[in-house]
Structures are given as C-alpha cells and as structure tokens.
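Bear in mind the structure is a predicted one, so any value in this text is a computation, not a measurement. Lettering of chains follows the sequences in order, A, B, ..., and the numbering in each one begins at 1.
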Amino acid sequence: MLTCEDKQLIQKIWGKLGGAEEEIGAEALWRMFHAYPPTKTYFPHFDLSQGSDQIRGHGKKVVAALGNAIKNLDNLSQALSELSNLHAYNLRVDPGPGWRHGSCSGGAKPHFSLQFLSQCLQVVLATRLGKDYTPEVHSAVDKFMSAVASVLAEKYR
Amino acid sequence: MVNWTAEEKQLITGLWAKVSVAECGAEALARLLIVYPWTQRFFSDFGNLSSPTAIIGNPKVRAHGKKVLTSFGEAIKNLDNIKKCFAQLSKLHCDKLHVDPENFRLLGDILIIVLAANHGKDFSPACQAAWQKMVRVVAHALAHEYH
C-alpha cells in the first residue's frame with residue numbers, strides 16, 4: 001500500500017525529471033522491446049526501429065498517463081479508469097501467471113507483461129538519477145507501478 | 001544449453017569488470033529486503049531489519065550480499081555451463097534454505113536496477129538486455145534442482 005511518504009517521494013522524483021518525460025517514455029519502451037522481445041507482439045503495427053516516431057509518440061502517451069496517475073495517487077482506480085477499460089477490453093496485454101492469484105499483496109509481485117515496462121522504466125530512472133534513486137525511492141516507485149498494473153488489469157475478467 | 005552471442009558475453013563480462021562485488025552485492029540484497037519486505041522471512045537471524053537505514057547498515061546483510069554476488073561472479077566465469085555450476089547451490093536453496101525460486105527473479109531485477117543506478121548511460125539498452133537474460137538464466141539454474 002502506498003504510504004504518505006511513498007506518495008511524497010514519487011511526486012518529488014517525478015518533479016526531478018525536468019521535462020525529459022517524453023525521452024524517458026521512449027527509452028523505457030525501447031529497452032522493453034530489447035530486453036523482452038515478446039512485448040513487441042503487441043505492436044505489430046509499429047515501426048519498432050530505434051528512435052521511431054511511433055515509439056516516441058507512444059512513450060509520450062505512457063508517461064503522460066503515469067504523470068496523471070501521480071497527480072491522483074489517492075484515487076488511482078478512478079484516474080486510470082478509462083485506461084483500465086482499454087487494457088481489459090481492447091488491448092488485452094497478457095496479465096501473466098501471477099495475476100490469477102488475485103491481488104499482489106499476498107506474495108510475489110505480479111508477472112504482468114506490464115511489469116516488464118515497470119522494470120524498464122525504473123532502469124531508465126535509475127540511470128538518470130543514480131544515487132538519487134535511493135532504496136526508498138525505488139521501493140515507492142515499484143509499489144506505484146505495481147498499483148498501476150493492478151488497476152489496469154482490474155477488469156480483465 | 002544457453003546460447004550467448006559474442007556481444008552478450010562482452011556486455012556481461014565488460015560491465016562485471018567495473019563492478020565492486022562487495023558494494024553491489026550489499027546494495028542489491030538490502031534493496032531486496034526493503035523493496036520486497038516479505039523476503040525478510042529468510043533472514044530472521046540477521047538482527048535489526050526494522051527500517052531501510054537499519055537494513056543498509058546491517059553488517060550481516062552486507063556480508064551476505066557480498067557472498068551472493070560472489071557466487072553470481074562464478075556464473076559469469078562459466079557462462080556456458082551455469083546449470084552445472086549452480087547445481088549444488090540449487091539443491092541447497094531447495095533442501096536446506098527452502099527458498100521459493102520466485103525470489104531469485106526478484107533479486108535479479110533488483111540487481112539490474114542497482115547496476116543501472118551505478119553505471120548510468122553505460123548501462124545501455126543492449127547491456128540491460130544481456131543482463132536481464134543473465135539474471136533469468138541464473139534464476140532458472142538455481143531452480144533447476146528443485147523437487
């Protein structure tokens with residue numbers, strides 16, 4: 001569960017990105033396609049070459065959605081409601097084997113394909129922030145991304 | 001038998017040469033216990049794990065982190081035979097330590113983030129991809145002897 005401190009850390013760290021949000025989104029996607037090739041199967045209609053306009057455009061969208069979620073940390077379900085519908089009924093990104101066991105609070109983190117994006121986004125943040133990506137920040141961001149993934153998969157069935 | 005390209009091997013060994021095993025290991029284990037607090041279940045005799053500060057400063061955590069990452073280094077020296085290299089460790093984790101293999105995956109992902117934070121731009125997408133494969137292979141090898 002996101003504590004008050006977690007929320008503050010997340011908002012603070014997001015504030016440190018200094019307008020580089022688009023680049024960060026594009027880089028996170030690029031890393032995801034590289035490290036987890038099966039994720040490309042959701043983008044057969046994209047030009048997946050490095051620096052493509054579509055990757056940049058989609059990265060910008062993703063980061064904007066996360067930015068919106070960060071402004072609404074007390075009500076993620078509502079803030080992400082439309083995206084949740086989109087992922088459940090339209091995009092249907094595989095939620096992974098861990099998802100079937102219900103909420104992720106019980107044990108292992110969910111294996112959402114969305115989780116690969118979480119890992120790659122965190123790597124991008126860590127490469128840019130270095131020491132500022134402290135264990136506390138790391139923990140808060142990981143929890144946040146898990147919460148986002150949970151909300152996005154809420155309506156799958 | 002895992003297929004490593006020459007580039008993957010280079011990316012793995014090249015970065016490893018720059019890693020301080022003691023520091024990196026300590027940091028990775030500490031972060032595992034902080035980010036996924038339920039993993040503390042395996043370390044009940046480690047003393048004070050009550051806060052991130054306590055965990056980071058805990059000498060047993062630091063020592064054990066170094067031990068874990070040193071083992072990891074052995075895998076890097078034996079990229080073509082990691083399953084064999086970790087057969088005994090796998091049995092140990094199953095029979096004596098009773099660790100759910102999911103935890104190996106968690107630690108692997110944490111290690112990646114520690115490497116990213118410590119190496120910045122050098123931790124390129126290609127480098128990350130090679131290392132994600134590495135941690136996946138290690139986790140698989142450690143789970144291989146489970147029964």
Handout entry: Steps toward side-chain contact (heavy atoms from CB on, under 4.5 Å) verdict (B/Val35, A/Lys143)
Key = CA-CA 8 Å; B/Val35 179; A/Lys143 283 161 84 173; over 6 Å; no

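Contact annotation for B/Ile55: neither backbone nor side-chain heavy atoms come within less than 4.5 Å of a heavy atom of chain A. Contact annotation for B/Thr39: neither backbone nor side-chain heavy atoms come within less than 4.5 Å of a heavy atom of chain A.
Options B/Gln132, B/Arg136, B/Lys133 differ in how many heavy-atom pairs under 4.5 Å they form with chain A, and the most are formed by B/Gln132. Each of B/Ala126, B/Ala30, B/Ala130 has some count of heavy-atom pairs under 4.5 Å with chain A, and the biggest count is that of B/Ala126.
Other residues, nucleotides and ligands place no more than 12 heavy atoms under 6.0 Å from the NZ atom of B/Lys84. Under a cut-off of 6.0 angstrom, the local environment of CD in A/Gln11 is crowded, with over 12 non-hydrogen atoms contributed by other residues, nucleotides or ligands. Residue-environment remark: NZ (A/Lys12) stays at or below the threshold of 12 foreign heavy atoms within 6.0 Å. In the displayed structure, A/Lys7 atom NZ is contacted under 6.0 Å by more than 12 heavy atoms of other residues, nucleotides or ligands. The number of heavy-atom neighbours closer than 6.0 Å to CD of A/Glu5, taken from other residues, nucleotides and ligands shown, is 12 or below.
Following chains of ILVMFWY side-chain contacts shorter than 4.5 Å, one cannot reach B/Val21 starting from B/Leu11, and the two form parts of different hydrophobic clusters.
Using a distance-only test at 3.5 Å, with no hydrogens or angles considered, no donor-acceptor pair links the side chain of A/Glu136 to the main chain of B/Pro52.
Interface residues of residues 26-54 of chain A toward chain B, defined by a heavy-atom distance below 4.5 Å and sorted by number: A/Trp30, A/Arg31, A/His34, A/Ala35, A/Tyr36. Heavy-atom neighbours of chain A within the stretch residues 111-120 of chain B, taken at a separation under 4.5 angstrom, comprise B/Ile112, B/Ile113, B/Ala116, B/Ala117, B/Gly120.
Taking both residues in full, the closest heavy atoms of B/Ile34 and A/Ser139 are given as O-OG, 3.9 Å, listed atom of the first, atom of the second, then distance.
Separating the OG1 atom in A/Thr134 from the CD atom in B/Glu27 is a distance of 10.0 Å, to the nearest 0.5 Å.
Between B/Asp109 and A/Gln115, some side-chain heavy-atom pair lies under the 4.5 Å cut-off.
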